[in-house]
Structure formats: C-alpha cells, structure tokens
Amino acid sequence: MASTETSTTPFDDQIPGTSGLRKKTRVFMQPGYLENFVQAIFDAIGGAQGKHFVVGGDGRFFNAEAIQTILKIAAANGAAQVTVGQGGLLSTPAASHLIRKLGADGGLILSASHNPGGIDADFGLKYNIDNGGPAPEAITRKISDSAASLTRYHIAEAKDADLAQIGTSEIAGMLLTVVDPVDDYAALMAELFDFDKIRALFAGGFSMRFDAMHAVTGPYARRILEEELGAASGTVINATPSPDFGGGHPDPNPVWAHELMSEMMSDRAPDFGAASDGDGDRNMIVGPGLFVSPSDSLAVLAANAHLAPAYTAGIAGVARSMPTSAAVDRVAEKLGVAPYETPTGWKFFGNLLDAGRVTLCGEESAGTGSDHVREKDGLWAVLLWLNILAERGESLPAIMQDHWQTFGRDYYARHDYEALPKPVAEEVMSQLRARLGDLPGESFGALTVSAADEFSYVDPVDQSESHAQGLRVYFEGGARAVLRLSGTGTEGATLRVYLQSYTPGDGALNLDTSVALAPVAAAIHAIAGLARTGRDAPDVIT
Ligand code: G1P
Ligand code: ZN
C-alpha cells in the first residue's frame, strides 16, 4: 500500500550544490522534510519507475531512520530495486563503485562528509548518477526546482526493512538487496594495486597507523589493511563507526586528526600515517615528522602512479581544482600529459574522467582519486601510497625530498574564517572583486602583483560554463592567493583564503610552511582587507 501525502515545502534558500543538501540534523528530521527532498530527486530524474538505486551512508545520527524513509518512498514511486549496504553503511567511494558495478540508475548517499554528526550537528543527502559520480549542476538545479514546487510525495506503508541481514527481501513490490559494504570495494582495490608487494612490505616490519576517526572507513581499513595486507592488528584506530564520530570532527587534517598527528610527530612514529573522513572520500597522508599537503600528495601520486598495476600504462592527464597548488601541473608537464584546472567540487572531474582525458584528479581539501570510481577515494589514495612505498623501498620523507628536488616545492596552506556573518564575507569578496583590475603592478611588502582575476570555467567536454569560482591574485616569483566562499558550510559564511608560494628545487625546501607563506599571507591580508572579518587570525589553518 502506498499513500500520497500533501507536502508543504519546508525548503529555504539552499540550492543543492557541490555536495547535495547539507543541513542541521534537526532540519532533516522535521516531518516531511527528508520526504520532500527524496521525492524531488525522483521527480527531477524523470521518476523512479523500474529503476535500481544504491543507498547507503556514513553511519551518522539519523542514517538508519533516513534510509527506511528513502526505501519507502522509492517503493511508492515504483523503483524496481534498491541495493543497500549492511547496517545502512557504504562509504562514498564504495557507493560510487557499486552504482557502476551493478549498472544501477543512480544512488542516494547519506552523509555530511567531514562535518560532525549527532542530533545537534549535521546531516546530508546527495544524489549520484549512473556513472557513479555526483549529479552535475543541470540535475541539481532540477532537484532544486522540483523541491520548490513540490505539492505531494508518495510513500509506501510498509514496516521497516531489516538492514542487519545480508540477503534479499521485498518492500511493497520493490526488491531490496542488502550487501556487505566492503566486499566489492576490497575486490576493486585488489585489482588496482599489487597486494603481494604491499603484504611483503608489512611482513618486512613496515609500520603504519590509520585513523578512521570513528567513521565509515573503519570496517574498510580493518579488512583491507589488517586482514588482507597483514598490517599489525591495532594499525587501524577509532575503527568503529559511531553516530557522532566519537564527538569529534571526522575531518582528516592536522587539526582534527591530532591524535594521529601527535603520534607521527613523536619519536615513536610508525613509518606511515593516514586518516580518512566521515564518508571515506578524503585522506590525510603523514610520514614520521612530516605532514604531506594534499596538493603535494596528488603530485607525488601522479609522478609515481605507473608503479601500481592499474596505472602501468601511464596516466592520460591530471585535473586539480583551481585552489589546489600547481605542484601537480609541474608533474604533468614532465610527463607530457594535460593538466586541467577545474572549479572546486568533485563533480567537475566527472566529464574529464568519463571522456578519458584524465586518470588522476584531486583537491587541496584532502580529496584524491582516479578513474576507478567517480568520487574521491580516501583508502584508494592510502593504498596507492603504500604501493609506491613498497615499490620504491624508500621512506616517505625521502620520497618527498626527492620530489621537491626534482620539481621544486609549492608551499601551501588554507586559512579558513568560519561562521562569519554572511554580509561581512560577501563584502570582503565584493570589495576585492572591484579592485582586481587595479592590482597588477602594485606592491605589498616584498611582493608585487603580476595578475588578478575571477576564475570562470568552461567544461571542455560539454561546454557548460561556471562563473564566479574564486578570486585569484598572482605575484611575481610564483606566489598566489585565492579567496572564495565555502559552498558546504551550514552556519553563516566561511571565507577560504588559499596561499601558495613556489621554491625551486635548489632552494630552501624545508622551511616551516607558515614562514614560507608569511609574505603572501601578509600581502593578501592587506589587499583583501581581511581585518574586516574582525578576527585576529583564521579559525582553522590546514
Ligand atoms: C569543500 C572543499 C571542496 C570539496 C567540498 C566537498 O567545499 O573545499 O574542495 O569538494 O568541500 O567535499 P567548500 O566548503 O570549500 O565549498
Ligand atoms: Zn567526505
């Protein structure tokens, strides 16, 4: 039995953007709210009739309840089949893989990524299309439009499904298949990488710590690193997904992964450290005494990918989001492959990957991935690093030194001013936008502006245009500052200031990042009038 409920659209100004709809959990829990959004998704994609969807999430608070609602709405809308991860769990990259492997029509992924979870924290839902990647803007716009004009949703009157048992059942005529969330993903990783070589590395005494941050990668990392590759038991810490991620931010950066960072900076550091975020798509890489910036990690992976079985034939090209450092461009140049610069957000890589123009891609925000799925993939990056370490037989710090000597070093940092009043953040942006044309030739401390613009992008595959993607100020000598407003925050506005400064391979390669970036930080502070934020310093530096 299905019923049709009248819907009063409790949507405000949020347009499902880069990461679907992300809101406070209590907002999602309002009667009818989730229902409306799910119905809007089905309406926007031409209905659910006869379709197969993959559904799973990162296990945060409200994950299980939301999945029950999604199943009933899918059934009432005539979906033929839904495949769900056991316990409602699927990491984002594993969901992307399942959609592709099963030839499903799409997927609904429940996560607010690295944002905290809990009844007073964040929740999110996004729709992925049949290539396994986030819905492109044309579809998110349609979802937004149908949400705004929605007058009803359909929901099956059925009892809650049992998601604890692997197997098949039926909900109001729709087939429900509950699968092990790790099996297919682990099999894919074993195809891409030389597991024997990595096994030998661990058997030879190589030590590692992986911080799953109480989030979804715990079961994946335990199975792959400890059970299949023979890493010592206890290698994976915080391995049990919890609804509030142990009360922390499941964000793999030196600030939030401080437990791992302090071990890696101590004299009892293992050979290699890594962490992943709430839904398993981000990664952090750290060696004994040395944090690897995500931009550098992407560059090292691109330079060494041919050492892993999946990439022995070389890479077709690389893509990075605009705020990501130019380190990977230098590698692309040496390899003779195309570098692409895209707006922030993984969805912009989808067309390039589908068209075979790029093999690897990444973002400064700890996202790295390849054409094996259509999402960034935290554990994939960790395994590629392990494969490279096993092949090269050198330590991580030695590999980084060699990389910087060969390509030079792009010192890099991101300064976030969080939860600013929206008008303040918008004023900083509009004042700088207005000044861009006057900046070239002007000097600020030791730095002189060489160019300044606002980033626009034309997708080389489908020619779709994206404007206002960040304000860029370039300085003579290779430094750059970028300003943009976050599209994923759930409180006020977050202003991101991205800093980079280049040192050639025969220069000072081991400076403290904050020292190397001090001139560009001071220059952009003056240029953009960052004093207007009313903050003495950024809230988070990564
Ligand atoms: C942030 C990151 C961006 C990433 C997105 C989704 O978006 O900066 O690189 O793609 O999260 O994980 P932002 O809040 O900056 O809009
Ligand atoms: Zn994430």
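Each ligand, and each atom within it, is numbered from 1 in the order the structure gives. Values in this document were obtained by computation on a predicted structure and should not be read as measured data.
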| message | Any atom of ligand 1 sitting under 4.0 Å from a heavy atom of Gly345? | response |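 It does, in that a heavy atom of Gly345 comes within the 4.0 Å cut-off of ligand 1.
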| message | With a 4.0 Å cut-off on heavy atoms, is Met322 in contact with ligand 1? | response |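 Not so, Met322 does not reach ligand 1.
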Between [X] and [Y], does any side-chain N to carboxylate O distance fall below 4.0 Å?
| X | Y | answer |
| --- | --- | --- |
| Arg141 | Asp145 | no |
| Arg414 | Asp416 | yes |
| Arg374 | Asp354 | yes |

| request: Please name the atom of Asp277, restricted to N, O or S, that is closest to the Zn ion (ligand 2). | output: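 This residue's closest N, O or S atom turns out to be OD2.
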| field | Angular separation of Ser113 OG and Asp279 OD1 about the Zn ion (ligand 2), given to 10° | value |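 That angle is 110°.
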| Backbone or side chain, does Asp281 get an N/O/S atom under 2.8 Å to the Zn ion (ligand 2)? |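 For Asp281, the answer is yes, given that an N, O or S atom comes within less than 2.8 Å of the Zn ion (ligand 2).
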| field | Any donor-acceptor N or O pair under 3.5 Å, side chains His467, Glu465 | value |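 Per modelled atom types, His467 and Glu465 side chains form a pair under 3.5 Å.
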| task | For the residue pair Ser111 and Asp58, confirm or rule out a side-chain donor-acceptor distance under 3.5 Å. | result |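 There is such a pair (donor and acceptor under 3.5 Å, judged by atom type) between the side chains of Ser111 and Asp58.
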| request: Would you tell me which option among His114, Lys126, Glu363 has the nearest heavy-atom contact to atom 4 (C) of ligand 1? | output: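 Considering heavy atoms of His114, Lys126, Glu363, the nearest to atom 4 (C) of ligand 1 sits in Glu363.
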| task | With atom 5 (C) of ligand 1 as the reference point, say which of Arg414, Glu364, Arg496, Arg282 has the nearest heavy atom. | result |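 Result: the heavy atom closest to atom 5 (C) of ligand 1 is in Arg282.
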| task | Could you give me the CA-CA distance, side-chain angles and deciding distance for Trp385 and Leu396, then say whether side chain to side chain contact (heavy atoms under 4.5 Å, CB included) is met? | result | CA-CA 9 Å; Trp385 261 101; Leu396 182 148; 3.9 Å; yes
Heavy atoms only, cut-off 4.0 Å: how does [X] contact ligand 1, side chain, backbone, both, or neither?
| X | result |
| --- | --- |
| Thr344 | side chain |
| Lys347 | neither |
| Ser486 | both |

Can you list the ligand 1 atoms lying under 4.0 Å from a non-hydrogen atom of [X]?
| X | answer |
| --- | --- |
| Arg484 | 13 (P), 15 (O), 16 (O) |
| Lys376 | 4 (C), 6 (C), 10 (O), 12 (O) |
| Gly487 | 13 (P), 14 (O), 16 (O) |

Show me the donor-acceptor pairs, under 3.5 Å and distance only, between side chains in residues 216-224 and residues at least two apart or in other chains.
| from | atom 1 | to | atom 2 | distance (Å) |
| --- | --- | --- | --- | --- |
| Tyr220 | OH | Ser91 | N | 3.0 |
| Tyr220 | OH | Pro181 | O | 3.0 |
| Arg223 | NH1 | Asp183 | OD1 | 3.1 |
| Arg223 | NH2 | Asp180 | OD1 | 3.3 |
| Arg223 | NH2 | Asp183 | OD1 | 3.1 |

| Geometric N/O contact Ser113 with ligand 1, under 3.5 angstrom |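 It does not: no N or O of Ser113 is found under 3.5 Å from an N or O of ligand 1.
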| task | Taking the six-membered ring for Trp and the single ring otherwise, decide whether the centroids of His403 and Phe407 are under 6.0 Å apart. | result |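 Under 6.0 Å, so yes.
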| request: Report the C-alpha separation of Phe123 and Lys23 in whole Å, then their side-chain angles, then the decisive distance to 0.1 Å, and conclude whether the side chain to side chain contact (heavy atoms under 4.5 Å, CB included) test is met. | output: CA-CA 6 Å; Phe123 192 80; Lys23 287 283 179 189; over 6 Å; no
